[in-house]
Amino acid sequence: MGATIEIQDKLTVSSDSTHYKCLNCDSVVENNFCSFCGQKTSTHRFSLQHFFVHDFVHGVFHFDKGFPHTIKELFTRPGHSIREFIQGRRINHFNYFAFILVIIAINHYLGTLSNINRDELYEAKFAGFQKVVKEYYKVVALAGIPLFALTSYLLFRKSRQNYTEHLVLNIYRLSAYLIMSTVLVIISLFYSNMSGLRIMNQGLAVSEIIYSSWFFYQYFSVFGYKKWILLLKSMLTAFILITINNGLIAYAVEEIGLYFFK
């Protein structure tokens with residue numbers, strides 16, 4: 001038999017004939033698609049070029065299967081599931097661009113049906129923020145992702161995950177938070193007691209920290225971190241991200257709204 005060459009741990013090319021080991025189900029395949037699960041054998045590592053040229057366009061204009069599966073995974077084994085997706089097990093997951101855009105659209109639409117506004121919920125004035133969100137809700141929702149990715153990239157450099165992979169994992173993490181936020185929006189359609197909604201909103205903020213810590217802890221659990229260091233890094237990252245989102249991004253959008261949306 002001819003010698004074999006290992007490529008990216010799971011992809012095997014034989015000198016006698018070309019055989020690939022499917023990254024999704026580990027079956028040996030010879031063609032462009034796995035005959036067992038249907039995934040392409042040309043699964044790539046994420047890069048900025050593929051992120052924008054292929055996945056963004058595909059996510060906006062195609063509606064793949066796997067939406068319920070992705071939601072289930074995000075709330076049962078989020079970090080493990082998304083790490084496996086990034087490493088090649090992608091056939092069952094909903095495209096990350098399409099996924100977050102659908103969640104944002106649902107969240108925004110339901111928000112327009114609610115009589116509760118941000119000023120009442122936070123007991124503060126967000127006149128500029130409200131003006132921007134009214135016209136550019138998707139942009140505001142997505143604005144923090146590059147900073148989220150940069151933060152987790154710097155704090156988890158030992159994992160050797162590239163920046164684009166951090167973009168992808170943070171898109172899924174943010175999507176999960178938006179789903180939790182959507183639940184609060186749905187509650188506000190039927191429950192108008194402001195004191196109760198404020199308590200729920202505070203609980204949402206705590207839930208975001210807990211969820212993000214869980215997400216990062218699971219995701220980076222296979223990269224050689226000691227458990228207590230990984231836990232501290234995961235919690236620190238979660239705190240930084242919520243500070244960026246609720247502090248830096250919210251303040252910047254508020255100022256933009258007050259200055260440009262008069």
Between G111 and V185 the two heavy atoms that sit nearest each other are N-CG1, 3.6 Å
Interatomic distance, OG1@T151 vs CG@N170, rounded to 0.5 Å, equals 8.0 Å
Think K233 forms a cation-pi with F216, using NZ or CZ under 6.0 Å from the six-ring centre and within 45 degrees of its axis? no
Of all heavy-atom pairs linking P146 and L167, the shortest is CA-CD2, 4.0 Å
query: Quick one: do R160 and E165 make a salt bridge, cutoff under 4.0 Å?
result: no
- Mind checking whether M235 and Y217 have side chains closer than 4.5 Å, heavy atoms only? no
> Can you tell me if Y153 and N162 form a side-chain donor-acceptor pair at under 3.5 Å?
Replying inline: no
Rounding to 0.5 Å, atoms CD1 (I106) and CG (L178) come to a distance of 10.5 Å
| Check: I104 main-chain N/O paired with K138 side-chain donor or acceptor under 3.5 Å | no
CZ of F261 to CD of Q130, rounded to nearest 0.5 Å, is 13.0 Å
For this session: Kindly indicate, with the supporting measurements, whether the criterion side chain to side chain contact (heavy atoms under 4.5 Å, CB included) is fulfilled by N245 and L241.
Result: CA-CA 6 Å; N245 191 50; L241 296 190; over 6 Å; no
(request) Look at the side chain of R89 and the backbone N and O of E84, then say whether any donor-acceptor pair between them is shorter than 3.5 Å. (result) no
Could you walk me through whether T70 and Y96 pass the side chain to side chain contact (heavy atoms under 4.5 Å, CB included) check? CA-CA 9 Å; T70 303; Y96 51 92; over 6 Å; no
For I209, the other hydrophobic cluster members (4.5 Å side-chain criterion, sorted by chain and number) are F239, I242
query: Among the clusters formed by ILVMFWY side chains lying less than 4.5 Å apart, do M180 and Y137 turn up in the same one?
result: yes
Pair Y211 + Y177: ring centers closer than 6.0 Å
no
Just checking, any donor-acceptor pair under 3.5 angstrom between side chains of N201 and R198?
no
Mark yes when over 12 heavy atoms from residues, nucleotides or ligands other than Y251 sit less than 6.0 Å from its OH; otherwise mark no. no
Within-4.5 Å side-chain heavy-atom neighbours: T237 and I240: no
Closest non-hydrogen contact found for G79 with Q218 is N-OE1, 3.1 Å
- Heavy atoms, side chains only, cut-off 4.5 Å: are F99 and I179 in contact? yes
d(I171 CD1, I103 CD1) to nearest 0.5 Å is 13.0 Å
When rounded to the nearest 0.5 Å, the distance separating CG of L232 from NZ of K226 is 12.5 Å
When L110, N107, L113 are each screened for side-chain contact (heavy atoms from CB on, under 4.5 Å) with I186, the one that passes is L110
Shortest non-hydrogen pair, S212 vs R173, comes out as OG-NH1, 3.1 Å
dist S159:OG -> Y219:OH (nearest 0.5 Å) comes out at 7.0 Å
Note to self: The test is side chain to side chain contact (heavy atoms under 4.5 Å, CB included); show your working for F215 and L169 and say whether it passes.
What the structure shows: CA-CA 9 Å; F215 183 102; L169 72 89; 3.8 Å; yes
- Evaluate side chain to side chain contact (heavy atoms under 4.5 Å, CB included) for H80 paired with S221, printing each intermediate quantity in order. CA-CA 8 Å; H80 295 316; S221 62; 3.4 Å; yes
Nearest heavy-atom contact between K158 and Y225 is CB-OH, 3.2 Å
(Q) Using a strict threshold of under 4.0 Å (side-chain N to carboxylate O), is an ion pair present between E73 and R77? (A) yes
Is there a path of hydrophobic side-chain contacts, each under 4.5 Å between heavy atoms of I/L/V/M/F/W/Y residues, joining L204 to F129?
yes
Tell me, with the steps shown, if F223 and F156 meet ring pair (Phe, Tyr, Trp, His ring centres under 6.0 Å). CA-CA 9 Å; F223 293 103; F156 292 99; 9.0 Å; no
> Taking side chain as C-beta onward, heavy atoms only, is V132 less than 4.5 Å from F260?
Replying inline: no
Heavy-atom closest pair (V133 atom, H108 atom, distance to 0.1 Å) is O-CE1, 4.2 Å
Item to complete: Please check if any side-chain donor atom of S81 sits under 3.5 Å from a side-chain acceptor atom of H93, or the reverse.
Response: yes
Joint hydrophobic cluster, L154 plus F148, side-chain heavy atoms closer than 4.5 Å:
yes
Discussion item. Under 6.0 Å between ring centres: does that hold for Y172 and F85?
Written reply: yes
Y259 and L248: same hydrophobic cluster, using ILVMFWY side-chain contacts below 4.5 Å? yes
>> Side-chain heavy atoms nearer than 4.5 Å, only ILVMFWY residues, links allowed to pass through others: does that put M200 and V183 together?
In response: yes
Quick one about S213 and S234 (side-chain donor to acceptor, distance below 3.5 Å, no hydrogens or angles considered), yes or no? no
